[in-house]
Amino acid sequence: MVRMSAEERRESVIRAAAREFARGGYYGTSTEAIAKRVGVSQPYLFRLFPNKQAIFLAAAASCLETTRRVFAEAAEGMEGDEALHAMADAYTRLIAEDPHVLQMQLQMYVTVAAAEAAGDSELGELVRAGWLELWDTVSVPLGSDVKETATFMAFGMLINTLAAMGFPPGHRIWEGLYPSARAKERNERNEPKGPEVAATATGATGAAGVAGGQ
């Protein structure tokens with residue numbers, strides 16, 4: 001059996017932590033649960049990361065970078081509406097096939113708000129920097145148009161919120177969203193099952209598309 005390097009083990013911890021934090025949030029997730037998911041002891045976990053906050057910071061950074069990379073790869077060589085729809089399609093596929101990405105995003109925002117209220121700005125600084133990178137990645141293929149970028153990002157956040165609240169497919173709340181994006185096929189083979197996942201996938205597709213379609 002091939003042994004993982006410390007860096008490979010660290011990446012496996014980040015992936016496992018993102019799933020645990022996505023489900024339980026920062027305060028509801030124990031390092032014991034993360035270690036158990038990875039298959040290591042807690043002492044070994046703390047050889048890789050100094051504390052729980054450091055693990056959360058790494059998971060948050062990874063989540064933001066995953067989303068940024070999806071936007072960048074989708075829009076490569078494109079501009080304007082073509083880039084917009086490509087990014088929307090890529091993002092909605094991402095959260096349809098791995099809803100933990102959306103859930104981790106939402107947990108980040110809640111945790112940042114709580115940390116800022118307590119006078120701790122470290123997480124907020126990381127998330128704000130990562131979000132600005134998302135903004136800039138989207139903005140470039142849209143011609144650095146502030147209004148177009150704001151519309152795209154705003155509808156993306158609307159989708160995140162509506163999907164998190166569990167509005168089901170077919171609900172009238174989705175009717176104002178761009179129909180061609182809403183109707184796209186999803187990868188059924190890779191898509192997790194469950195009503196909350198279906199709502200996330202169908203809803204997010206529509207809202208992301210409206211940014212470029214109205």
Side-chain angles (χ1 to χ4, degrees), residues 1-74 90-91 93-140 153 156-157 159-161 163-165 190 192 194 196-197 200 204:
M1 183 177 179
V2 179
R3 293 175 60 87
M4 285 194 290
S5 67
E7 184 57 31
E8 289 171 331
R9 183 68 76 180
R10 187 177 187 278
E11 288 301 315
S12 71
V13 169
I14 293 172
R15 289 192 298 271
R19 288 186 171 268
E20 291 294 330
F21 286 130
R23 181 175 63 179
Y26 178 76
Y27 298 103
T29 298
S30 68
T31 55
E32 180 182 4
I34 296 170
K36 183 177 180 180
R37 177 180 280 270
V38 181
V40 300
S41 65
Q42 284 197 76
Y44 185 81
L45 192 70
F46 290 122
R47 285 170 56 188
L48 300 173
F49 296 91
N51 51 42
K52 178 178 163 181
Q53 183 181 36
I55 300 173
F56 189 86
L57 286 168
S62 177
C63 179
L64 289 165
E65 173 56 22
T66 293
T67 305
R68 189 207 65 77
R69 188 171 60 249
V70 164
F71 285 148
E73 291 175 355
Y91 178 69
R93 289 185 184 279
L94 171 68
I95 63 173
E97 294 172 7
D98 189 359
H100 289 91
V101 173
L102 172 56
Q103 293 160 11
M104 183 63 195
Q105 283 188 57
L106 299 176
Q107 294 290 3
M108 282 191 305
Y109 304 143
V110 171
T111 306
V112 166
E116 292 284 334
D120 182 354
S121 62
E122 183 178 5
L123 176 60
E125 289 172 359
L126 180 146
V127 171
R128 287 188 290 273
W131 218 85
L132 283 173
E133 289 182 7
L134 288 180
W135 177 282
D136 291 340
T137 298
V138 167
S139 178
V140 170
M153 299 296 278
M157 293 300 287
I159 268 307
N160 291 347
T161 303
M165 288 191 290
N190 293 328
E196 72 280 8
V197 175
T200 299

Enquirer: Should Asp98 and Arg93 count as an ion pair when the cut-off is N to O under 4.0 Å?
Expert: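 Salt bridge between Asp98 and Arg93, a charged N being under 4.0 Å from a carboxylate O: no.
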
Enquirer: Would you mind reporting whether Tyr109 and Trp131 have side-chain heavy atoms less than 4.5 Å apart?
Expert: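 Trp131 reaches Tyr109 side chain to side chain.
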
Enquirer: Please identify each residue that fulfils salt bridge (charged side-chain N to carboxylate O under 4.0 Å, His left out) with Glu116, with sequence neighbours left out.
Expert: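 If we apply the salt bridge (charged side-chain N to carboxylate O under 4.0 Å, His left out) test to Glu116, skipping adjacent residues, the hits are Arg128.
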
Enquirer: For Glu20 and Thr29, which I'm curious about, is there any donor-acceptor pair between the side chains at under 3.5 Å?
Expert: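 No - no donor-acceptor pair under 3.5 Å links their side chains.
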
Enquirer: To the nearest 0.5 Å, what is the distance between CH2 on Trp135 and CZ on Phe71?
Expert: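 It comes to 12.0 Å.
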
Enquirer: Do Ser139 side-chain atoms and Asp136 backbone N/O form a donor-acceptor pair below 3.5 Å?
Expert: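 Between the backbone of Asp136 and the side chain of Ser139 there is no qualifying donor-acceptor contact (under 3.5 Å).
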
Enquirer: Is there a side-chain contact (heavy atoms from CB on, under 4.5 Å) between Tyr91 and Val138? Walk through the geometry before answering.
Expert: CA-CA 12 Å; Tyr91 178 69; Val138 167; over 6 Å; no

Enquirer: Heavy atoms only: give me the nearest Ala18-Met104 pair and the separation to one decimal.
Expert: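 Smallest interatomic distance, heavy atoms only, reads O-SD, 3.8 Å.
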
Enquirer: Could you give the distance from CZ (Arg23) to NE2 (His100), rounded to the nearest 0.5 Å?
Expert: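 Answer for the CZ-NE2 pair, Arg23 versus His100, is 7.5 Å.
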
Enquirer: Is the CD atom of Glu32 crowded by more than 12 outside heavy atoms at less than 6.0 Å?
Expert: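 Check fails, neighbour count at 12 or below.
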
Enquirer: Give me the atom names and distance for the closest heavy-atom approach of Ile34 to Ala16.
Expert: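 The answer is O-CB, 4.5 Å.
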
Enquirer: Can you name the closest pair of heavy atoms from Leu64 and Gly130 and give their distance?
Expert: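 It is CD1-CA, 3.9 Å.
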
Enquirer: Measuring only between side-chain heavy atoms, which start at C-beta, is Leu134 closer than 4.5 Å to Met153?
Expert: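 Yes, their side chains come closer than 4.5 Å.
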
Enquirer: Do you know which two heavy atoms are closest between Val38 and Ser12, and how far apart they sit?
Expert: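 Here Val38 and Ser12 meet closest at CG1-OG, 3.6 Å.
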
Enquirer: Got Arg10 and Glu7 here, is their nearest side-chain heavy-atom distance under 4.5 Å?
Expert: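 Yes, at least one pair of side-chain atoms sits under 4.5 Å.
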
Enquirer: Around Lys52, counting heavy atoms of other residues, nucleotides and ligands shown, do more than 12 lie under 6.0 Å from its NZ?
Expert: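 Yes, enclosed.
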
Enquirer: Side-chain contact, heavy-atom cut-off 4.5 Å: Tyr44 with Arg9?
Expert: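 Of all side-chain heavy-atom pairs linking Arg9 with Tyr44, at least one is under 4.5 Å.
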
Enquirer: Mind checking what makes side-chain contact (heavy atoms from CB on, under 4.5 Å) contact with Asp120, not counting sequence neighbours?
Expert: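 Applying side-chain contact (heavy atoms from CB on, under 4.5 Å) to Asp120 gives Gln53, Ala115, Glu122.
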
Enquirer: Begin with the C-alpha distance, continue with both residues' side-chain angles, and end with the deciding distance and a verdict on side-chain contact (heavy atoms from CB on, under 4.5 Å) for Glu65 and Arg68.
Expert: CA-CA 5 Å; Glu65 173 56 22; Arg68 189 207 65 77; 3.0 Å; yes

Enquirer: Find the distance between CG (Leu102) and CD (Gln107) and round it off to the nearest 0.5 Å.
Expert: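 Separation between the atoms: 10.5 Å.
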
Enquirer: Might you work through the side-chain contact (heavy atoms from CB on, under 4.5 Å) test for Arg37 and Val13, ending with a clear yes or no?
Expert: CA-CA 8 Å; Arg37 177 180 280 270; Val13 169; over 6 Å; no

Enquirer: So do Leu94 and Thr66 actually touch side chain to side chain, heavy atoms under 4.5 Å?
Expert: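 Side chain of Thr66 against side chain of Leu94, heavy atoms only: contact under 4.5 Å found.
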
Enquirer: Checking Ser62 side chain against Ala58 main chain: does a donor-acceptor pair fall under 3.5 Å?
Expert: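 Not confirmed, Ser62 side chain does not pair with Ala58 backbone.
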
Enquirer: Between Ala60 and Leu126, which heavy-atom pair has the shortest distance, and what is it?
Expert: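 Looking at all heavy atoms of both residues, the shortest contact is CB-CD2, 4.1 Å.
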
Enquirer: Drop me the distance from Leu57's CG to Phe49's CZ, to the nearest 0.5 angstrom.
Expert: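 Reported to 0.5 Å precision, the distance equals 10.0 Å.
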
Enquirer: Does any non-hydrogen side-chain atom of Leu45 lie less than 4.5 Å from one of Ile55?
Expert: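 Touching, per the 4.5 Å side-chain cut-off.
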
Enquirer: Applying ring-ring contact (aromatic ring centres under 6.0 Å, His included), can you list everything that pairs with Tyr26, at least two apart in sequence or on another chain?
Expert: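 Testing Tyr26 for ring-ring contact (aromatic ring centres under 6.0 Å, His included), a comparison that skips the adjacent residues, returns Phe56.
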
Enquirer: Between Ser30 (side chain) and Ala33 (backbone), is there a donor-acceptor pair under 3.5 Å?
Expert: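 Such a contact is found between Ser30 side chain and Ala33 backbone.
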
Enquirer: What are the two closest heavy atoms between Ala90 and Val70, and how far apart are they?
Expert: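 The answer is CB-CG1, 3.6 Å.
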
